[in-house]
Visitor: 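Questions regarding the structure given below will be posed in turn.
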Number of protein chains: 2
Amino acid sequence: MELREDDPLALERQLCFALYAASRALTGLYREFLGDLGLTYPQYLVMLALWEHGTLTVKGLSRILRLDSGTLSPLLRRLEASGLLTRTRSATDERVVEIAPTRRGADLRERALDLPGRVVRAAGLDPERLADLRQALGELTASVEAAADRRPCTGAHPTTPNPQGSSPEP
Amino acid sequence: MELREDDPLALERQLCFALYAASRALTGLYREFLGDLGLTYPQYLVMLALWEHGTLTVKGLSRILRLDSGTLSPLLRRLEASGLLTRTRSATDERVVEIAPTRRGADLRERALDLPGRVVRAAGLDPERLADLRQALGELTASVEAAADRRPCTGAHPTTPNPQGSSPEP
DNA sequence: CACCAAAGGATTGCGCACAATCTTTTTATC
DNA sequence: GATAAAAAGATTGTGCGCAATCCTTTGGTG
């Protein structure tokens, strides 16, 4: 039997679980309000980025939201199907896809304007404490991402050992 | 053109996005270490709960981790397939499924003991600040969950108005 | 006992996340 | 100008999260 006070693996002691639980809880509260707009939470984040920056490339969205193309591609396809944005190949660089809000997508912003306030009020949160918390989370994210960048353990090797044209299995 | 300083929808101002980004970043850092143990991050959380409490029911795990049976059922099936836990119907109540760590599952704990410390060190985080942050996140989660409980919008009514045997829509 | 609501899990379906791979286009480099 | 490396997205496959539904068992209530 372990001493509960010294257990380094106690669930309540894990910052990672506190983050995981808080993020899911807040996302869940947002989900109730977002249902009216016909958006999921990640779709809402994409629209936030578009409302703030106007047209963006997939790469730009990926950098802002920290999501890769495997997540963004189908998500953007669904938002295009919803008529909230358009996806067009860039004329100057055929690799790039430009994501632009449609009129309907831009108009949706007004219906989202009071959403953060409503969520904060519903949960009875103190705006000042939230600002501090947001600040601390930003620093945490920066530290963790810097650490992840420093360790390319699982990262792709710059020199791939199998150039697929050389000797494929016949 | 909006005044950036007054935009209530600015992405960098959203606590929800700060939480979402921080949670994914930290989970990603854990993932690198968890690969050695053959665990995903949610599977690691289940093992943490089992190491701390011993045998638990699915309901108990659901309460601790805030995950429903739709998430837990397949996750626990995979952990059983990995040989880390067993799922057995309770003898006294045939509805209940007891989740117990196997010998291999219990032994895995030792290999996880230094994991939180390694993650904190890799990210260069200050343990004291982490404790404060964890505390603040706990309070936030409690507030948000209380708010979600107060609004049974999508939630199931305590008195469901359609007992499915009475008059289904023909 | 019959009946009926509630509880505990499992299943189904959908939408993320993320790793790995692939295709197309661009850009160096020779 | 041919060729290789890199960049930008898309695709595939796996594993969550979560809503909705279903099934079985249990606990009343008449």
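In what follows, chains are A, B, ... by sequence order, proteins preceding strands, each numbered from 1.
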Visitor: With sequence neighbours excluded, tell me which residues meet side chain to side chain donor-acceptor pair (under 3.5 Å) with B/S82.
Guide: none
Visitor: Is there a side-chain polar atom (N or O) of B/R66 under 4.0 Å from OP1 or OP2 of D/dC18?
Guide: no
Visitor: Salt bridge (Lys or Arg N to Asp or Glu O under 4.0 Å): which pairs involve residues 55-79 of chain B, sequence neighbours left out?
Guide: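 Qualifying pairs, neighbours excluded: B/R66-B/E145.
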Visitor: Between the protein and nucleotides 25-29 of chain D, list the N/O to N/O atom pairs that are separated by less than 3.5 angstrom.
Guide:
| residue | atom | partner | partner atom | Å |
| --- | --- | --- | --- | --- |
| D/dT26 | OP1 | B/E94 | N | 3.1 |

Visitor: What is the distance from CG of A/L65 to C1' of C/dC16, rounded to the nearest Å?
Guide: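 Atom CG in A/L65 sits about 13 Å away from atom C1' in C/dC16.
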Visitor: Roughly how many Å is it from CD1 in B/I99 to C1' in C/dG8, rounded to a whole number?
Guide: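 Between C1' of C/dG8 and CD1 of B/I99: 12 Å.
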Visitor: In this structure, how many angstroms lie between the C1' atom of D/dA7 and the CZ atom of A/R89, rounded?
Guide: 12 Å
Visitor: Grab the CG-P distance between A/L61 and D/dG9 for me, whole Å please.
Guide: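 Taking atom P of D/dG9 as the reference, CG of A/L61 is at 9 Å.
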Visitor: How would you list, by chain and number, every residue that makes a side chain to side chain donor-acceptor pair (under 3.5 Å) with B/R87, sequence neighbours excluded?
Guide: B/E80
Visitor: For nucleotides 11-15 of chain D, give me every protein contact, N/O to N/O, under 3.5 Å, one pair per line with atom names.
Guide:
| residue | atom | partner | partner atom | Å |
| --- | --- | --- | --- | --- |
| D/dT11 | OP2 | A/R77 | NH1 | 3.1 |

Visitor: Output side-chain donor-acceptor pairs under 3.5 Å for residues 110-121 of chain A, partner residues at least two apart or in another chain, one line each.
Guide:
none

Visitor: Expressed as a whole number of angstroms, how long is the span from A/L72:CG to D/dA7:P?
Guide: 19 Å
Visitor: Report yes if a side-chain nitrogen or oxygen of B/R87 is closer than 4.0 Å to either non-bridging phosphate oxygen (OP1 or OP2) of C/dA10; otherwise report no.
Guide: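 Yes, within the criterion.
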Visitor: What is the distance from CG of A/L45 to P of C/dC16, rounded to the nearest Å?
Guide: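 Distance check: A/L45 CG to C/dC16 P gives 10 Å.
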Visitor: Distance check needed: C/dC18 P versus A/L67 CG, whole Å only.
Guide: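 Interatomic distance, CG of A/L67 to P of C/dC18: 7 Å.
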Visitor: For B/A123, which residues count as a side-chain contact (heavy atoms from CB on, under 4.5 Å) partner, sequence neighbours excluded?
Guide: A/V144, A/A147, B/L29, B/L125
Visitor: Run the side-chain contact (heavy atoms from CB on, under 4.5 Å) test against A/T86 and tell me which residues pass, sequence neighbours left out.
Guide: A/A100, A/T102
Visitor: Could you check whether A/S62 gets within reach of a base, just the sugar-phosphate, or nothing at all, counting any heavy atom under 4.0 Å?
Guide: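 Since no nucleic acid heavy atom lies under 4.0 Å of A/S62, the category is nothing.
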Visitor: Could you identify which residues of residues 17-30 of chain A place a heavy atom less than 4.0 Å from some atom of DNA chain C, listed by residue number, or say none?
Guide: none
Visitor: Got a sec, which residues hit side chain to side chain donor-acceptor pair (under 3.5 Å) with A/D107, two or more places apart in sequence or on another chain?
Guide: A/R103
Visitor: Under the side-chain contact (heavy atoms from CB on, under 4.5 Å) test, which residues partner A/P101, sequence neighbours left out?
Guide: A/L50
Visitor: Does some side-chain heavy atom of B/V46 sit less than 4.5 Å from a side-chain heavy atom of B/L39?
Guide: no
Visitor: May I have all residue pairs that pass salt bridge (Lys or Arg N to Asp or Glu O under 4.0 Å) and include part of residues 128-144 of chain A, sequence neighbours excluded?
Guide: A/R129-B/E139, A/E139-B/R129
Visitor: With DNA chain D as reference, determine whether A/R31 or A/T57 sits nearer its 5' end, using the nearest nucleotide of each.
Guide: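 Looking at the nearest nucleotide for each, A/T57 comes out on the 5' side.
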Visitor: Measure from CD on B/E80 to C1' on C/dA10 and round the result to the nearest Å.
Guide: 14 Å
Visitor: Parallel, tilted or perpendicular for B/Y44 and B/W51, by the 30°/60° rule?
Guide: perpendicular
Visitor: Hey, any chance A/L72 and A/V96 share a hydrophobic cluster, counting ILVMFWY side chains that come within less than 4.5 Å of each other, even indirectly?
Guide: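 Per the 4.5 Å side-chain linkage, A/L72 and A/V96 are not co-clustered.
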